[in-house]
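Working notes for the structure below.
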Amino acid sequence: MALLRLRNTKGPNAAEIERKIKRGNALRQGSSWRGSRGLLALLLVALCVSTVAAWLYLASLDGDITETLASQREMILPQPRVYSVQCSEDYENYKRYPGCTPQKCGRAVTDGVVTSEEAQALRRLAERGLALAGSEGGASILDLHSGALSMGKQFVNIYRYFGEQIADVFTEEDFKLYRDVRGRIQAVIAETFGLDRTLMYLTKPTFFSRINSTAAKTQHDEYWHPHIDKETYGSFDYTSLLYLSDYGSDFTGGRFVFMDQNGNRTVEPRAGRVSFFSSGSENLHRVEKVSWGIRYAITVSFTCNPSHAISDPSLP
């Protein structure tokens, strides 16, 4: 409006005043643009810094992965792919059981023990069971042996909590498949490590897990920390994982990572894939955080100590 009035003003100074106003407007616009550019530059710097920080964090975790032991795309058949490692001294702190206590240590992966159809059936079993409740955080478990089921920030016993209604969730065929698969996993571990299968015993915890990207609410949700099964559980001598979903399509992140002195080595989950290993510090490991989707698996563990044995589950 001021500029419009000046255009109608009579007098010799009108044109000069108008030019000054235009020049002032131009200077203010330029100053405003420079201020915006400065703010934009600061935002870009902040974004770059945060990106670099995130990259360095991820690199500190997985940048030293030197080998993929098994990718999701490949099928490892008919024999397991075996990687030998030197046994740790952990087992010297426990009673030794000839024919079972690890003499030959390592890790192995196979896609020849459980069919994709069986993996799908076990996943449906897990989905039905975990639909009854679940953790408030990103990790939920279902233990058919003890009956433990994640519920909020605690656990309940499904057999007591749901009573006779549990027969509407699980069937005898579900439990038979579970037992058959457990037996096959035990057999392949015994054959691979040269063990007497009859001297291996199922031990706790053996459970289904469901992991998603929800933030952890309790320490039970923090599944990603490096650990050694023999130290964490004591009874473990051999650990196995049966994957029930596919890395890259059902979920991202969630790879299993062996943490070796000279680098990290990873197994990419594939439905029906079994990964197994001796449970001492020769196999320090962790699981990546799941960043998208849902990861289903079964942890099946074995001991050489008969006093730590548990029975196969059955419907009450």
Side-chain angles (χ1 to χ4, degrees), residues 69 80-110 113 139 141 143-148 155 178-179 181-209 219-220 222-243 256-267 274-287 297-313:
L69 301 184
R81 181 177 295 169
V82 182
Y83 302 85
S84 297
V85 296
Q86 183 175 355
C87 291
S88 65
E89 297 179 356
D90 303 355
Y91 307 101
E92 301 299 331
N93 299 322
Y94 299 85
K95 182 178 178 180
R96 301 190 69 83
Y97 295 87
C100 181
T101 297
Q103 299 291 320
K104 180 175 68 172
C105 296
R107 56 197 67 154
V109 183
T110 179
V113 172
I141 72 161
D143 184 338
L144 293 180
H145 302 267
S146 68
F155 297 93
Y178 181 88
R179 292 191 294 268
V181 166
R182 188 276 302 164
R184 277 180 261 155
I185 292 173
Q186 183 171 345
V188 74
I189 294 174
E191 181 179 357
T192 300
F193 289 110
L195 311 173
D196 183 342
R197 178 183 174 181
T198 64
L199 299 177
M200 295 172 61
Y201 305 94
L202 191 67
T203 193
K204 62 181 180 181
T206 285
F207 56 92
F208 289 87
S209 60
Q219 64 179 5
H220 299 294
E222 297 180 6
Y223 55 85
W224 54 82
H225 297 299
H227 63 279
I228 299 163
D229 287 346
K230 190 69 177 170
E231 292 183 358
T232 303
Y233 302 109
S235 63
F236 280 33
D237 288 299
Y238 301 95
T239 307
S240 71
L241 291 107
L242 166 58
Y243 298 107
F256 190 95
V257 181
F258 291 104
M259 303 179 69
D260 298 327
Q261 287 186 347
N262 59 347
N264 291 345
R265 293 170 172 84
T266 185
V267 173
V274 178
S275 172
F276 56 94
F277 51 94
S278 51
S279 303
S281 58
E282 68 276 1
N283 281 314
L284 172 68
H285 62 274
R286 65 181 179 84
V287 174
I298 309 175
T299 297
V300 184
S301 47
F302 298 93
T303 184
C304 300
N305 187 341
S307 66
H308 292 304
I310 62 173
S311 301
D312 284 315

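Note that these values count all heavy atoms, side chains included, but never hydrogens, waters or copies made by symmetry.
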Taking only residues two or more places apart in sequence or in another chain, which ones pass side chain to side chain donor-acceptor pair (under 3.5 Å) with N305? Y97, S307

Taking S279 for the side chain and K230 for the main chain, is one N or O donor matched with an acceptor at less than 3.5 Å? no

With sequence neighbours left out, the residues meeting side chain to side chain donor-acceptor pair (under 3.5 Å) with H308 are none

F256 vs F277, test: ring pair (Phe, Tyr, Trp, His ring centres under 6.0 Å). Steps then yes/no. CA-CA 12 Å; F256 190 95; F277 51 94; 5.5 Å; yes

Hey, are T232 and D229 close enough side-chain-wise for a donor-acceptor pair under 3.5 Å? no

Taking the side chain as every heavy atom from C-beta outward, state whether D237 and F302 have any atom pair closer than 4.5 Å. no

Please check this pair: side chain of K104 against backbone of T192, looking for a donor-acceptor N/O pair closer than 3.5 Å. yes

Proximity of Y233 and F236 rings by center, below 6.0 Å: yes

Is R107 close enough and on-axis enough to F258, meaning under 6.0 Å and within 45°, for cation-pi? yes

Of all residues at least two apart in sequence or in a different chain, which pass the side chain to side chain donor-acceptor pair (under 3.5 Å) check with S88? D90, S281, E282

Report yes or no: does D196 contribute a side-chain atom to a donor-acceptor pair with the main-chain N or O of G99 at less than 3.5 Å? no

Looking at H220 and A139, what are the two nearest heavy atoms and their distance? O-CB, 4.1 Å

Near E92 CD, under 6.0 Å, is it more than 12 heavy atoms from other residues, nucleotides or ligands? yes

